[in-house]
Amino acid sequence: MSEFPEEPPGPRRVVGTPSPAPRSVDAPAGPEEPPFSAEPSMAEHAKNAERIVAALFILAFLAGCGFIAAYVGLEVGQATLPKGANAVVAALRSNVALGSSLAVALLALGTGSMIWVRHLTPNIEIEEERHDMPSAPADRAAFQRTFAEGAAISQITKRPLVRRTMLLATAPLALAPLVLLRDLGPLPQTDLRHTVWRKGLRAVTLGGLRPLTLADISTPGSLITVIPEGYQDDQDALAKAGVILIKFEPGQLNVPTRVVGGVTVSTQNWTLENTLVAYSKICTHVGCPVALYEQTTHHILCPCHQSTFDASTGATVIFGPAPRPLPQLPLALDSSGYIVAASDFTQPVGPSFWERG
Amino acid sequence: VSSIIARRRHPAAGYAALAGGLVAVGVGYTALTGGFASASAPAQSTTQTAAGHSLFIATCASCHGLDAQGTSVAPSLIGAGAAAVDFQMSTGRMPAKELGAENDRKPTDFTPSQIYAIASYISSLGGGPAVPDASQVSTSGANTALGEELYSGNCAACHGFAGAGGALTYGKTAPSLNASTPTQIYEAMLTGPEAMPVFGDGTITPAEKKDIIAYITDTRSEANPGGFSLGRTGTVTEGLLAWLGGLGFLILVAMWLTAKRRDPIIHAGEEQL
C-alpha cells in the first residue's frame, strides 16, 4: 500500500461490479475472498453509466444506419441525377450526410466504450513481466541440430559447383536495383539555366494571348502577366517562362547594373523607355508565382513565404527568405512595335540549385 | 476572481481553460472578419459639374486641395477620372475617415447622383477613365472559363482564388470582392485604387474585364462540395480550423482519456492484504 502514496485513503471498493471482488489476472489462487459489495450510491452511478453507454451505442447504431441510408438514398453524379439537378449541390449533400453520420457513429461508439471502461469496469492494475530475451538452452540446441541436419540434407557444403553457381545467379538480381537508379535521370543539362525566351519572341497576355505595344501598357502602375508567344499549351515551358510587365512613372525605375558573363551591364537598357520592366514571375526562393504587386510601394510579394522584392530597384530582396533578386528579362520592340524579349534571361530563373554558383 | 482561484484545482478546470482559450480565439477571429453592405453604382449623366464642384469644396477639398491639385496628405485628382471617383466614393473609401496607407470599404453617405456630380467635376479637370455604363459591365454572354484563367493569372495572387481577399506587405490587405458590384470591379481594374496595379484596356480588354467579372460573381453562388467554405480564403482558415478545432478537440479527448479515475485502484495481487 505505502508504495502508492497518491491513492486516496478509505476502503477499497470497485464501482459497479458485482461481488465477489475482482480477481487480478496473475494473482495466485488464494483462499476464499471476502464478498464484495458496492455502496448503494455507487451502484446508482453505475446504473446511470450503463444507461448512458447503451444510449450512445444505440445512437451509433442509428448513425451507422443513417450512413448506409445516405449512401443508398442520395444520388451523386450527373448521370444518375434527375434532370436540372446541380451535381455540386448533390455532392455537397452527400458529403455532409456521409461525413456527419460516420462521425457521429464512430464518436458515439468510442465515447460509449470509454464510459464503459471508466465507469463500469473495475479499476485493476495489471503487471505483466517481460520474457527473458534468450531462448531456453534446450530450444537453442534443438534449433542448431535442425539447422545442421538441413544443411547436410541439402548437400550445399558437399557440392561447391551448385553453391557457387547459385550465388552467381543471384548477383545480377542484387545489382539490378542499383541499375534502375539510372531512371532518376537524365540530368537536366542546361534546362535549369534557360527558358524558352529568345531574341525577338513576342510577349503575349496570359489567357488573351494578345501581343502588347507600349501604348497598351502606358498607364503608370500597370501590371500584366505575359507568356512567350506560341507556348500557351507547353506547361513545361510556362512553368519557368512566366513574366510580369510593370509600368512605372518616368524617373521611378532605377534598376542596378548586373554582371553577365563577366561583363558589367546596365540592366536599365533592358527596360523600355526607362519605365517598363519585365521580371520573372517565379520566386527565387522555392518557385511560387510572385504577382502581388503594390503600385504605391513597388513591392512584389511572394504569397508563399512573404519574400518581398522592390520592383523599382531591380526586384532586389527587401524581406523574406528569397536569396536573390527576381531575374530581369531584357525587353525590346520588334518592327511592328510589339514588346519582345531581347534575349533569354541572363541567369537561371526560380529556386537555387547545386551547380548554380 | 477568488472563486476562480478557489476552483482552479477542480477536475473540469483544465477543460474550461482550454475551451475558454479556443472560444476567445474564435470570437476574436470572427470579429476581425466582418461583412459590408453593397453600394450601388450611379447612373451616367453629364450636367452636374457645377453641383459636383460645390460638393467637392465641401467634402474633398480639405485634403485634395481647392482645385483638386493635391496636398501633402492627398494626391492630385487631376486626370484621375470619373471611374476612380465613383469607385472610391461608392465603396465608402472616400471621404477617408483618417489618413492612412489604405482605406476600408464602408457604407457611403452619398447618393449615386452626388457621387456622379463630383465624378463629373473631376472628369472636367481633364482626362481619366469614365464610369462604365451598364452594357460594359453586363456579364451576359461572358466567357467565365477565360475569366477564371485571367483571374488566376492577374487577380488571384492578391484577392485569393475565390475573391475572399488576402494580405499584402506591411499590414496592407487586398479586400474581399464579395461585396463589390460589377461596376466597382470594372472601375478598380481600370483605375488601380490604392496599392492595386492598373489593368487598363490595353492589357485586359473590355471583353476580358467582363469575363473576369463573370467569374467573380459566378464564384459567389458556387456550392461548396465539402460542406463548409471556411470563408474561401484557402489555407488560412483551413489551418486555423485544423489546428484550433481539430487539434483542440484531440487534446480535450486525450485529457479525458488519461484523466485520473475517481475510484481507488486495485493492484494485482493486493486484494488479500
Side-chain angles (χ1 to χ4, degrees), chain A residues 1 4 7-8 10 12-15 21-28 30-31 33 42 86 88-89 91-92 95-96 99 114 118 122-127 205-208 210 212-213 215-225 246 289-297 299 301 303 308 319, chain B residues 101-102 129 143 145-158 160 166-170 172 174 190-192 194-205 207-208 211-212 222-228 253 256-257 259-273:
Chain A
M1 289 285 296
F4 300 100
E7 262 183 63
R12 294 184 166 282
R13 66 172 176 260
V14 176
V15 175
R23 185 189 294 272
S24 76
V25 173
D26 53 358
E33 288 159 20
M42 284 304 184
N86 185 335
V88 178
V89 173
L92 157 67
N95 284 344
V96 171
M114 274 311 296
R118 292 175 64 83
N123 200 2
I124 304 172
E125 253 185 22
I126 297 171
E127 287 174 20
T205 57
L206 181 70
R210 279 172 295 100
L212 297 169
T213 63
D216 286 331
I217 182 160
S218 57
T219 312
S222 287
L223 165 87
I224 193 68
T225 297
I246 303 174
V290 280
L292 283 82
Y293 174 65
E294 300 172 6
Q295 64 145 320
T296 44
T297 57
H299 292 166
L301 173 70
T308 309
F319 181 79
Chain B
E102 60 176 19
N143 183 347
L146 178 60
E148 190 273 337
E149 191 179 358
L150 292 163
Y151 182 90
S152 302
N154 294 298
C155 320
C158 302
L168 300 176
T169 65
Y170 297 95
K172 295 190 288 298
L190 211 52
T191 61
E194 297 179 353
M196 178 169 163
V198 177
F199 296 94
D201 287 348
T203 51
I204 292 183
T205 63
E208 289 171 351
D211 298 339
I212 291 176
E222 282 289 326
N224 296 292
F228 303 101
V253 169
W256 180 55
L257 291 180
K260 207 167 178 183
R261 277 180 63 159
R262 296 306 184 74
D263 53 325
I265 297 170
I266 298 172
H267 295 284
E270 285 185 8
E271 293 95 322
Q272 298 88 352
L273 296 179

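This structure is a prediction, so every number in the text was calculated from the model and none was measured. Protein chains get the first letters and strands the later ones, always in sequence-line order, with residue 1 at the start of each.
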**Report entry** Between A:Thr219, A:Leu292, A:Ile246, A:Thr225, the one whose heavy-atom pairs under 4.5 Å with chain B are most numerous
**Finding:** A:Leu292
Query raised in the report: Which region of A:Pro289, side chain (C-beta onward) or backbone (N, CA, C, O), has a non-hydrogen atom less than 4.5 Å from a non-hydrogen atom of chain B, or is it both or neither?
Result: neither
Query raised in the report: How far apart are the C-alpha atoms of B:Val198 and A:Gln295, what are their side-chain angles, what is the distance that settles it, and do they pass the side-chain contact (heavy atoms from CB on, under 4.5 Å) test?
Result: CA-CA 8 Å; B:Val198 177; A:Gln295 64 145 320; 4.2 Å; yes
Query raised in the report: Does A:Thr205 reach the main-chain N or O of B:Thr203 with its side chain, forming a donor-acceptor pair under 3.5 Å?
Result: no
Query raised in the report: Among A:Val96, A:Val290, A:Leu301, which residue forms the greatest number of heavy-atom pairs with chain B at distances under 4.5 Å?
Result: A:Leu301
Query raised in the report: Between A:Thr297 and chain B, which part of the residue has a heavy atom less than 4.5 Å away: side chain, backbone, both or neither?
Result: side chain
Query - Most chain A-contacting option - heavy-atom pairs closer than 4.5 Å, from B:Leu150, B:Leu146, B:Thr169 - result: B:Thr169
Query - Counterpart residues, ring-ring contact (aromatic ring centres under 6.0 Å, His included), relative to B:Tyr151 (two or more places apart) - result: B:Tyr215
Report task. Go through the atoms of B:Thr205 and report whether side chain, backbone, both or neither lie under 4.5 Å from a heavy atom of chain A. Result -> both
Query raised in the report: Side chain, backbone, both or neither: which part of A:Leu212 has a heavy atom under 4.5 Å from chain B?
Result: side chain
Query - Side chain / backbone / both / neither for B:Ala156 at chain A, heavy atoms under 4.5 Å - result: neither
Query - Donor-acceptor under 3.5 Å (A:Glu294 side chain, B:Leu168 main chain) - result: no
Report summary line: In this structure, CD1 of A:Ile224 is separated from CG of A:Leu206 (nearest 0.5 Å) by 8.0 Å
**Report entry** Exam field: side chain B:Asp211 to backbone B:Asn143, donor-acceptor pair closer than 3.5 Å
**Finding:** yes
Query raised in the report: Does the A:Asn95 side chain pair with the main chain of A:Leu92, one donor and one acceptor, at a distance under 3.5 Å?
Result: no
Query raised in the report: Using non-hydrogen atoms only, which part of B:Glu194 is less than 4.5 Å away from chain A: side chain, backbone, both, or neither?
Result: backbone
